[in-house]
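A short write-up of the structure that comes next.
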Protein chains: 2
Amino acid sequence: MKFKIIKSHSKNLARVGQIETSHGTIETPAFIVGGTKATVKALTIDQIKNLNSQAILANTYHLMLQPGAEIIQQANGLASFMGYDGPTFTDSGGFQIFSLGLAYKQNLKDMTNSQNSNHKLKFSKGLINVSDDGVEFKSHLDGTKYFMSPEKSMKIQHQIGADIHMAFDQLTTPLADQSTIEEACRRTHEWAARSLAQHQLLNHQHKKNQQPEQSLYGIVQGSRIKNLRIESAKIINSLGFDGFAIGGIFEPTEINQVLGWIMPKLTLDKPKHLLGMGAQPLDLFLGIENGIDTFDCVAPTRQARNGALYTSNGRINITNQQFKTNYDPIDKNCRCYTCLNHTQSYLNHLFKANELLAYTLSSIHNEYFVVNLVNQIRQSILNENYQDFKESFLNNYYYKQLDSIKNFI
Amino acid sequence: MKFKIIKSHSKNLARVGQIETSHGTIETPAFIVGGTKATVKALTIDQIKNLNSQAILANTYHLMLQPGAEIIQQANGLASFMGYDGPTFTDSGGFQIFSLGLAYKQNLKDMTNSQNSNHKLKFSKGLINVSDDGVEFKSHLDGTKYFMSPEKSMKIQHQIGADIHMAFDQLTTPLADQSTIEEACRRTHEWAARSLAQHQLLNHQHKKNQQPEQSLYGIVQGSRIKNLRIESAKIINSLGFDGFAIGGIFEPTEINQVLGWIMPKLTLDKPKHLLGMGAQPLDLFLGIENGIDTFDCVAPTRQARNGALYTSNGRINITNQQFKTNYDPIDKNCRCYTCLNHTQSYLNHLFKANELLAYTLSSIHNEYFVVNLVNQIRQSILNENYQDFKESFLNNYYYKQLDSIKNFI
């Protein structure tokens, strides 16, 4: 993987760059489409490409359980397994292992009461057992016991064969106490070093077999605690990763603060990925002006399947009665397949009739909206009108709740 | 609508023709894709077009309940509502009204024990009340009472605005007694005349408003009773419909016999549609060589959603364990989007993981298979090698059960 910065913003950390992988180049900033189980839910590869997306991120935890990493390896890796010819990422599986297990016992009630849907993580008591070696956990599908360690995550990710991998980390809840977060950070840093060592070993084998080498991002944790975040960034930065991912940010209002602590400690000319953020347009602007190059988030398609659709004037729920007789597209300014071909009335009908096409058309729209928003932000940095674009977009999108975001414009 | 016969087979009733509608020409024989609720389940319009289909058939009963005919009328009709620019059909709603009601009380047990899935029709006691005026029925969605008559079916079909409509008929079960079938036939013929009169009145209004006129097919019933089928064909033929549909055939083994009675009584150069048959390739060959021009059937997509996929060597179930490690396409000879881009292993994974893409990719494949089989049959009639094509196709497809079909080759 090679990363090149093409242009930097003069007044903030935003930059336009290129990540070169063996499956093609990603123009950054970019929104990476979520393909958790080796499929972007309800979309074909043609549909995914047609929404101007550049890469797909799949999930190590889900794929190791189903269909199994060796099935994907035999298909010549993740992209080939999906019938895709573009760049791919895998996360390490850490988030899913912990979010399905004990780590979320504490403060679960607070979390599920939160309005932010990122907090509504599943919890099953006693499913995991963490030590410095790694994590014992049970499959949420059939209860089979598995053991995951940094070394194992690397082996599995190399079997899955995406272009960009993530180090295996330990997640904490945003409401964990300081000693829990400190221990998780210490472990995350040890696991980062072990992940990198194992990754380099496997890459060495690829090189010998004349196969493309893969890249690894280290993950910065530390929750909301300034000195832990700074320490985490320094340690992860020192280890020699190809790029960095930032985990454990849950609210858009935390982005400026947390990235403000971390970013100065990370090598400027390595790519940075913000894990799981992008449910709100605001996330994307704040991430980018703090130096984030790539994003992933399954919220756009998940919301789409519930009928919650993005428009330039905010989100609407297409299942509402008012849309039954509206023969305009979801968003008159949108150039996605759905908006070019279908009305709000038709979408409303498909949702009411529980037709599968509802999920496809709404996912195309939301994913197009987010992917192209980031593409437009990239263009605005190149054109040196980022601030104008940002103000205009956010004023339109949040026009009903300008007070709550005015500090960020 | 205009119908033109291009070429007729020298030894049977098969013919190649063209149905011209205001939304384009259908080259016949043709398999009309099923779009029950104004959507071909799990497929976008682009995907439907890319499988070489020529027209879509939607369901009056379902659309009158949801979203309501007036919603579709305001969208400028069915094709426009779906975002489609090709020809469309609607059936009259008769089949669904009766299949959801009392007409199926009798012999229900025999029917649900039948292997033929066409027989597994839903039954709810007391949902309908038939008289010569029409049918009172309750919506299966919310229990709302409706009244449907030939006149009303015509008005609703003109609101929905497909190119080709069907007369409102009374269905009987294949196991109903003779007097029930006789009464249903008498009523079907009276309703046919009333359907046509109302249709002509509405078409007259369209003409005055300089809107395209719609076409109407009369429906031949009579179950398995020779003299009733012949009488039905004669009466329906005498009324001046634009074309004919044949209802009430449930088993492929009945096609030769029933069409053998009917077809000689129907005007040769009007188009003929076989209602609801096409779950088996044999249906299509037998229909075509008896003079059928168009077919509709939802079985290919319904089976697809269950993982039952057509191949040139018969049907497979892609969810079987053996396909998990098979990296070939579903059918090496198939040129559909799914077969050109995806493996059996990937399809198997999508089904096991309950991913929505499973339904899309398998529906594309099955629908392509059936549509293109009929397209190939059309070509073989033009090339004067129909019999060779038929023998070769059926010998491959049914190679495990040749004995059961050898009388039809």
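To find a chain, count down the sequence lines: A is the first, B the second, and so on, and within it residues start at 1.
- For Tyr337(B), the part lying near chain A is the side chain, with the backbone staying farther off; criterion is any non-hydrogen pair under 4.5 Å.
- Taking the six-membered ring where the residue is Trp, Tyr346(B) and Phe81(A) present perpendicular rings, their angle passing 60° and hence far from 30°.
- The most heavy-atom pairs under 4.5 Å with chain B, out of Ile71(A), Ile364(A), Val40(A), come from Ile71(A).
- Gln74(A) and Tyr327(B) make their closest contact through CB-OH, 3.2 Å (heavy atoms, listed as atom of the first residue, atom of the second, distance).
- Chain A forms the most heavy-atom pairs under 4.5 Å with one residue out of Leu361(B), Thr44(B), Thr343(B), and that residue is Thr44(B).
- The heavy-atom pair separating Tyr359(B) from Leu356(A) by the smallest distance is CB-CD1, 3.9 Å.
- Contacts of Leu350(B) with chain A are made by side-chain atoms alone, with heavy-atom separations under 4.5 Å and no backbone atom involved.
- Counting all heavy atoms, side chain and backbone alike, Gln66(A) lies closest to Lys352(B) at NE2-O, 3.3 Å.
- Proximity to chain A (any heavy atom under 4.5 Å) is restricted, for Leu63(B), to the side chain, taken from C-beta onward.
- In this structure, the portion of Thr360(B) lying under 4.5 Å from any heavy atom of chain A is its side chain and not its backbone.
- Residue with the most contacts toward chain A among Lys41(B), Gln47(B), Met82(B): Met82(B) (heavy-atom pairs, distance under 4.5 Å).
- Taking both residues in full, the closest heavy atoms of His349(B) and Ala38(A) are given as NE2-CB, 4.3 Å, listed atom of the first, atom of the second, then distance.
- Rounded to the nearest 0.5 Å, atoms CG (Asp46(A)) and CG (Asn341(B)) are 6.5 Å apart.
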Show your working on side chain to side chain contact (heavy atoms under 4.5 Å, CB included) between Ile45(B) and His342(A) and close with a plain yes or no.
CA-CA 10 Å; Ile45(B) 291 295; His342(A) 296 291; 4.3 Å; yes

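- Proximity of Asn348(A) to Pro67(B): side-chain heavy atoms (C-beta onward) are nowhere separated by under 4.5 Å.
- Residues Ala353(B) and Lys37(A) come closest through the heavy atom pair O-NZ, 3.9 Å.
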Derivation and outcome, side chain to side chain contact (heavy atoms under 4.5 Å, CB included), residues Leu43(B) and Leu357(A):
CA-CA 6 Å; Leu43(B) 301 188; Leu357(A) 186 58; 5.9 Å; no

